[in-house]
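Notes to accompany the following structure.
Position 1 is the first residue of the sequence; numbering continues from there. All ligand and atom numbering here is 1-based and tracks the order in the structure. Basis for what follows: all heavy atoms, side chains included, without hydrogens, waters or symmetry-related copies. Just so you know, these numbers come straight off a predicted model, no measurement behind them.
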Amino acid sequence: MFGRLLSFEPDATGVTVKFEHKEGRISFITDRIVRVYSSMEEKHRPSRAVVQEPKKVDFQARQQKEFITIKTKKLLVRVRDEFQVDFLTPDGRMISEQSVRSDNTQTITKEQAELLAKEGHSLPKEKEAHKFEVVRMLHPKEHIYGLGDKTGFLDKRGYAYEMWNSDIPDTHADFFPSLYKSVPFFISMRPHFTYGIFLDNTSKSYFDMGKEDADSYYFAADGGDLDYYFIAGETMRDIVGAYTGLTGRTALPQKWTLGYHQSRWGYITEDDIMDVAEKMRQCRIPCDSIHFDIDYMDAFKVFTWNRKNYKDPKKTLQKLTEMGYKPVTIIDPGVKKEDGYDVYEEGIKNGYFAFSAENELYVNEVWPGDAVFPSFTNPKVRSWWADKQKFLIDMGVRGVWNDMNEPASFKGPLPDDVQFADEDDTVILHKDAHNIYGHCMAMATKEGWLKYDGRRPFIITRAAYAGTQRYSMFWTGDNQSIWAHLQMAIPQLCNLGLSGFSYAGTDVGGFGADTTKELLARWVQVGCLSPFFRNHSAQGTRRQEPWQFDKELLEIYRKYVELRYHLLPYIYDCFFESEQTGLPIMRPLMLNFEKDAETYEINDEFMVGEWLIAAPVVTQGTTMRLVYLPEGAMWYDFWTGEKYKGGQYITKKAPLDTMPLFVRAGAVLPLYPLMQYVGEKEVEDLTLAVYPGIGNYIHYQDDGESFAYKKGGYNAYVFSQNNGRLQIKDAVKNYEKPYKGFYVKICRDGVTALSDVSGEYLKHEE
Ligand code: GLC
């Protein structure tokens, strides 16, 4: 496509390379982030993902015989014929080499195809003709992580995926090419090297990570420009940090959003909601939010409230608020096509909805029946949608759950040529707008909440693109109440975290199909340590609120929700740090223990921040499991205080009420006293669970809601310990309600963070 390399021209930010047929460009964002670009479209669209301005990077470009080299302090880029690009260390060791496609696509005869079709098997796919492809060599020991919310396991090697936001209610299986989100970013880890690649392309793209050919992978797209970033680093943490520097980081959320959320599609009336709210308090299950699914609306019309089932919605929300709940409502993008409905009429008058190729209003069907689709890709439409949020905020709603924004449609997919209004009022076709539709809807929603609520916005979205973490947090959509989906929850949330989406969760208990007591017990154990903790299920399935089974389940459920509430300050600290570093809250073990190869494919354990390892049971009937404890640290059993050396597998009993949980020696875990919801009482004294070893820990304290922390309005405490001897220092003292004191518990065999001993009391010195 590019032909032979002819010449090159350096300028201040990079090098333009001339080939026989086209030009390519290598430029630098930092000395370890390189952008590889070639224009393939008439019009260049500004990135929706990248927010980092390029830094001034020193480089030298030279023409060698068959290639040119461009060298920074951290990286050597080698460009060859056909715009093949290799990345090496400055001293010439290969990190990633471009290759050519070796095609092992299976073909079958017509007769074989007919036979397959008879029993309803799916046929092998035709070979796709991509607009461009980049093929790179796979090292025998290379592992691939990231790629957003894809199904399957942590290591993506050997699987092929597509980036095309998809609402597929069938049971999500390992072979699914795509789900709701498109994050065209992955991290490769191979002996001695770790790197990341981000393909900034919003059209349909493909990531074959060694399925077609075991020795190479490729990424490709059907439209848009060739535009990818190569990120070199020493460690995975460097890559995640650099990628989130490029595309933005998850901001610190309001603290209550980290509490427990209860939801169900099927709380139809005011009484249904109030029953759940009351039962939760009676059963003493801490809970911060109840979610209103589509039924709260009038005929599924967005920004309306159903007055048949709610006499006085404002009053209902007021009652919930008095009980400590923060109501969250769902909002879908599809606007009911109905004369006289204000949202529809306003959009029509201003030309805010998408048009067909024939320039007629584009109509498809969603929950309200015939519906039209706002052009969220346009700033005027976003501002209008932002203003619509006021309806919810005035009602007393505290957060918005954006759903169906792939966009989902019941009468077949939107045709590729449906026209949306772009950022600059020109047209952007559905094929290019599809993967950023949810991204732009989240952007609009955030704009409204900043304007009318003013606190840190709480927005959930199902569909997303790279960088959506700047506007929203995420849930993984319609999973099922099956063990395979509990298993999948761990790698899926870990890979989302590595892809910049630090704040995400799955539907605890499973959304579709009927949960069981055992599955729900095991799911709440995973959910209580997931960044977002919400039980949600579909209408018509077995109910799965904590009290729906028996006393034993209720007690197990309570134990883990209470664990979450005790750990809230720890989880909040992880979020505070995530905003600074981009590192996720929920992490695969290898992110913290990259030198320990044993961690590379662990799918059934995860870390929360730096200090906790959860090893939940995710298979039916299991009451004992192997736990791998990474090398280079000592570990304490959270429940018993027993101590273990890292670098070994241990067996742990895990009856239904036990999720094996370990704390790294050296930890000082901050713990809250039990509360039924965030804000129930002022936390004056913090408990510190000290796990003897060597360690430093920074704890943040602020008002939990406002943006004051951005201007330094917080307290930071440094807890340092040397084998149980604790020192507390105030590093920042700007929040007006510092703790009065600390209960210090030295955890060891028999004494645990949650045991009844209150610990030594240390007064906080002012
Ligand atoms: C979609 C959502 C689900 C929601 C349902 C009804 O399936 O993924 O969470 O309950 O729509 O709104």
Side-chain angles (χ1 to χ4, degrees), residues 148-149 151 165-172 176 178-181 261-269 272-273 276 289-306 309 327-336 364-369 371 373 392 397 399-411 413 437-438 441-442 445 458-464 468 472-482 485 488-489 492-493 496 504-515 523 527 530 532-545:
D149 65 342
T151 54
N165 293 353
S166 305
D167 170 33
I168 306 174
D170 299 346
T171 305
H172 304 157
F176 264 41
S178 46
L179 285 179
Y180 308 92
K181 303 170 182 64
H261 301 242
Q262 181 65 49
S263 181
R264 179 169 168 88
W265 177 16
Y267 299 153
I268 309 280
T269 65
D272 294 341
I273 293 267
V276 173
S289 181
I290 304 209
H291 290 216
F292 291 70
D293 206 323
I294 46 174
D295 299 297
Y296 81 88
M297 293 181 232
D298 171 23
F300 307 130
K301 285 185 280 190
V302 287
F303 309 112
T304 66
W305 211 293
N306 175 339
N309 294 327
V328 170
T329 49
I330 201 167
I331 286 287
D332 295 337
V335 173
K336 187 173 171 63
N364 201 315
E365 189 185 321
V366 221
W367 302 122
F373 299 84
L392 301 172
V397 173
V400 167
W401 163 23
N402 283 345
D403 187 24
M404 306 293 274
N405 49 358
E406 293 70 32
S409 49
F410 298 162
K411 281 195 182 148
Y437 195 71
M441 182 185 187
T445 309
F458 182 59
I459 297 154
I460 314 172
T461 184
R462 193 170 74 173
T468 311
S472 180
M473 48 74 67
F474 312 90
W475 103 106
T476 57
D478 298 349
N479 59 6
Q480 305 281 328
S481 301
I482 55 172
H485 279 184
M488 190 172 81
Q492 193 177 30
L493 292 175
L496 278 168
T506 60
D507 283 345
V508 168
F511 174 76
D514 298 327
T515 203
W523 214 313
S530 306
F532 178 45
F533 183 20
R534 182 183 75 162
N535 173 326
H536 179 56
S537 55
Q539 209 159 26
T541 60
R542 192 196 195 293
R543 291 195 62 145
Q544 59 186 44
E545 292 84 5

(request) Could you pull out all residues at least two apart from Asp293 that satisfy salt bridge (Lys or Arg N to Asp or Glu O under 4.0 Å)? (result) none
(message) Regarding Ser537 and Arg542, do their side chains bring together a donor and an acceptor under 3.5 Å, going by distance alone?
(response) no
(request) Tell me the residues surrounding ligand 1, counting only those with a heavy atom closer than 4.0 angstrom, sorted by chain and number. (result) Trp265, Asp293, Ile294, Ile330, Trp367, Trp401, Asp403, Arg462, Trp475, Asp478, Phe511, His536
(message) With no hydrogens and no angle check, just 3.5 Å: does a side-chain donor-acceptor pair link Trp523 and Ser481?
(response) no
(message) Less than 3.5 Å apart, any donor N or O on the side chain of Ser472 or Asn402 sitting next to an acceptor on the other?
(response) no
(message) Are Phe532 and His261 an aromatic pair, judged by ring center distance below 6.0 Å?
(response) yes
(message) Quick one, Arg264 with Asp272, criterion salt bridge (Lys or Arg N to Asp or Glu O under 4.0 Å). Give me CA distance, side-chain angles, the key distance, then yes/no.
(response) CA-CA 10 Å; Arg264 179 169 168 88; Asp272 294 341; over 6 Å; no
